[in-house]
2 protein chains.
Amino acid sequence: MKEPIETFKALSDETRLRIMRLLVVSGKALCCCELTDSLEEPQYNISRHLKILKHAGLIDEQKEGRWVYSYAVPPANQFLKYLCEAVKSLDEEQLARDEQNLQARLQVRVNGKCTLGILKAHLIGVKEASNE
Amino acid sequence: MKEPIETFKALSDETRLRIMRLLVVSGKALCCCELTDSLEEPQYNISRHLKILKHAGLIDEQKEGRWVYSYAVPPANQFLKYLCEAVKSLDEEQLARDEQNLQARLQVRVNGKCTLGILKAHLIGVKEASNE
DNA sequence: TTCTTATATGCGCAACTATGCAACTATTAT
DNA sequence: ATAATAGTTGCATAGTTGCGCATATAAGAA
């Protein structure tokens with residue numbers, strides 16, 4: 001009974017749901033800085049939420065030098081398959097924006113790999129007042 | 001974005017997930033005391049969790065005299081349909097026990113309606129040490 | 001070795017959550 | 001009207017969660 005609860009909990013946070021959505025719909029393995037730039041959330045939050053998603057068994061990761069690529073684990077049972085479909089079926093503006101940001105961000109990959117780190121400098125350390 | 005999050009949150013609690021499961025798989029409208037006897041959780045908790053599920057739009061209710069019958073709302077979109085299927089697909093011992101308790105409890109309905117209140121007296125007010 | 005950089009994490013805090021208890025409302029029965 | 005009963009809710013509390021900040025780790029670059 002713990003497992004499904006933990007899965008629902010993992011998806012109960014907006015940042016985590018946004019991350020899952022990008023991983024699931026893109027089908028790609030994305031590094032922390034790409035997710036940071038796409039969601040426009042502080043890097044340390046992305047990192048923390050990735051850890052929670054991983055602990056819940058929804059994602060896994062693969063290290064490549066300084067970069068850690070996270071990807072959605074292929075659903076191991078019906079329950080996870082349905083949740084995955086549920087995430088895909090969401091139609092929210094925020095998610096569409098994230099996906100656009102990701103598309104743009106993926107353009108700067110070199111040979112299919114991230115080489116740049118976080119481009120939106122204000123997301124690295126401190127959260128600034130947004131003057132946009 | 002608030003809505004899917006609230007839905008996931010609603011399903012992130014064990015008691016609520018158990019309630020939803022009973023409502024979804026039985027397809028019936030169940031009153032608070034039937035759920036209390038089935039889940040063997042204090043009545044006031046069942047009541048509170050029903051309120052949360054209702055607020056999340058997953059269930060609705062229908063009053064009949066002193067009884068309040070809650071039922072799973074037919075999923076209004078793909079997202080909810082998938083979640084509903086996910087809940088149905090769960091295979092947990094606890095859920096099986098709940099369903100057995102419910103079947104037994106439904107036997108005592110008269111003309112398809114509950115007439116008895118809570119049968120397991122210790123679930124009414126105070127939570128006692130279980131000597132079973 | 002030293003610097004840079006991608007990612008991770010300890011700390012403190014404010015907000016939220018589930019719970020037990022007790023008291024309450026609302027509806028039916030006597 | 002009074003009692004009984006199905007369900008609700010306010011309060012206090014213990015536990016959890018997400019966040020900002022600062023700093024740490026780890027791996028490549030100079």
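We name chains A, B, ... by the order of the sequence lines, and we start the count at 1 in each one. The structure displayed is predicted, hence computed values, not measured ones.
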Engineer: Could you state the atom-to-atom distance from CG of A/L17 to P of D/dG18 in whole Å?
Structural biologist: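 These atoms are roughly 13 Å apart.
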Engineer: Pick one: which of A/K28, A/R21, A/R105 meets salt bridge (charged side-chain N to carboxylate O under 4.0 Å, His left out) with A/E99?
Structural biologist: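 Among the candidates, only A/R21 passes.
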Engineer: What is the minimum heavy-atom distance between B/L90 and A/F79, and which atoms define it?
Structural biologist: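 Reported closest heavy-atom pair: CD2-CD1, 3.5 Å.
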Engineer: Reckon A/Y44 has a side-chain N or O less than 4.0 Å from the OP1 or OP2 of D/dG20?
Structural biologist: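 Looking at the OP1 and OP2 atoms of D/dG20, one of them is under 4.0 Å from a side-chain N or O of A/Y44.
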Engineer: Whether B/N45 contacts C/dA18 is assessed here as follows: a side-chain N or O lying under 4.0 Å from the phosphate OP1 or OP2. Is that the case?
Structural biologist: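 For C/dA18, OP1/OP2 do not have a side-chain N/O of B/N45 under 4.0 Å.
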Engineer: Does CD belonging to B/E64 count more than 12 external heavy atoms closer than 6.0 Å?
Structural biologist: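 Atom CD in B/E64 is packed in, count exceeds 12.
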Engineer: Using only side-chain N and O atoms of A/S47, determine if any of them is under 4.0 Å from OP1 or OP2 of C/dT7.
Structural biologist: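 False: A/S47 side-chain N/O out of range (4.0 Å or more) of C/dT7 OP1/OP2.
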Engineer: Nearest-nucleotide wise, let me know which of A/L50 and B/R16 is further upstream toward the 5' end of DNA chain C.
Structural biologist: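 Residue closer to the 5' terminus by nearest nucleotide: A/L50.
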Engineer: Backbone N or O of A/C32 within a donor-acceptor pair of the A/T36 side chain at under 3.5 Å?
Structural biologist: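 Yes, A/T36 side chain to A/C32 backbone: donor-acceptor pair under 3.5 Å.
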Engineer: Quick one: the side chain of B/R48 and the base of D/dG10, do they pair up donor-acceptor inside 3.5 Å?
Structural biologist: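 It does, because a donor-acceptor pair links the side chain of B/R48 to the base of D/dG10 below 3.5 Å.
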Engineer: Given C/dA18, D/dA4, D/dT8, identify the nucleotide with an atom nearest to the side chain of B/Q43.
Structural biologist: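 Out of C/dA18, D/dA4, D/dT8, the nucleotide with an atom closest to B/Q43's side chain is D/dT8.
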Engineer: When you get a sec, tell me which of C/dT7, D/dG7, D/dT9 is the closest nucleotide to the side chain of A/W67?
Structural biologist: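 For A/W67, the side-chain atoms sit closest to C/dT7.
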Engineer: Taking atom P of C/dT17 as reference, at what distance in whole Å does atom NE2 of B/H55 sit?
Structural biologist: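 The distance from NE2 of B/H55 to P of C/dT17 comes to 11 Å, rounded to the nearest Å.
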Engineer: Please state how far atom CD1 in A/I46 lies from atom C1' in C/dA6, giving the value in whole angstrom units.
Structural biologist: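 Rounding to the nearest Å, CD1 of A/I46 and C1' of C/dA6 are 14 Å apart.
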Engineer: Rounded to whole Å, how long is the line connecting atom CG of A/L116 with atom P of C/dT4?
Structural biologist: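 Atom-to-atom, A/L116 to C/dT4, this comes out as 18 Å.
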Engineer: Name the nucleic acid region contacted by A/C114, choosing base, sugar-phosphate or nothing; use a 4.0 angstrom heavy-atom cut-off, strictly under.
Structural biologist: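 No contact.
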Engineer: Would you kindly compare A/I52 and A/E64 by the position of their nearest DNA chain D nucleotide and give the one closer to the 5′ end?
Structural biologist: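 Going by which nucleotide is closer to the 5' end, it is A/I52.
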Engineer: Could you tell me the separation between the CD1 atom of A/I124 and the P atom of C/dT7, rounded to a whole number of Å?
Structural biologist: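 Taking atom P of C/dT7 as the reference, CD1 of A/I124 is at 11 Å.
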Engineer: Whole Å only: how far is the CG atom of B/D13 from the C1' atom of C/dC16?
Structural biologist: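 B/D13 atom CG is separated from C/dC16 atom C1' by 14 Å.
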Engineer: Before accepting this row, confirm whether a basic side-chain N of the pair A/R109/A/E34 lies closer than 4.0 Å to the acidic partner's carboxylate O.
Structural biologist: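 Yes, charged N to carboxylate O under 4.0 Å.
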Engineer: Which nucleotide sits closest to the side chain of B/R66: D/dA22, D/dA6, D/dG7?
Structural biologist: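 Nearest listed nucleotide: D/dA6.
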Engineer: Select from A/T15 and B/K51 the residue whose nearest nucleotide in DNA chain D is closer to the 5' end of that strand.
Structural biologist: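 Result: B/K51.
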Engineer: Nearest-Å distance, OH (A/Y69) to P (C/dA6)?
Structural biologist: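 One finds 11 Å between P of C/dA6 and OH of A/Y69, rounded.
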Engineer: Please state how far atom CD in A/E41 lies from atom P in C/dA8, giving the value in whole angstrom units.
Structural biologist: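 Going from A/E41 (CD) to C/dA8 (P), I get 16 Å.
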Engineer: Under 4.0 Å: is that the gap between some side-chain N or O of B/H49 and OP1 or OP2 of C/dT17?
Structural biologist: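 So the side-chain polar atoms of B/H49 never come under 4.0 Å of the phosphate oxygens OP1 or OP2 of C/dT17.
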Engineer: Closest approach to the side chain of A/K9, judged atom by atom: which nucleotide of C/dA26, D/dT17, D/dT8 is it?
Structural biologist: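 My answer, after comparing the listed nucleotides, is D/dT17.
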Engineer: Compare every heavy atom of B/G57 with every heavy atom of B/V73, then report the nearest pair and how far apart it is.
Structural biologist: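 Shortest heavy-atom contact: CB-O, 4.0 Å.
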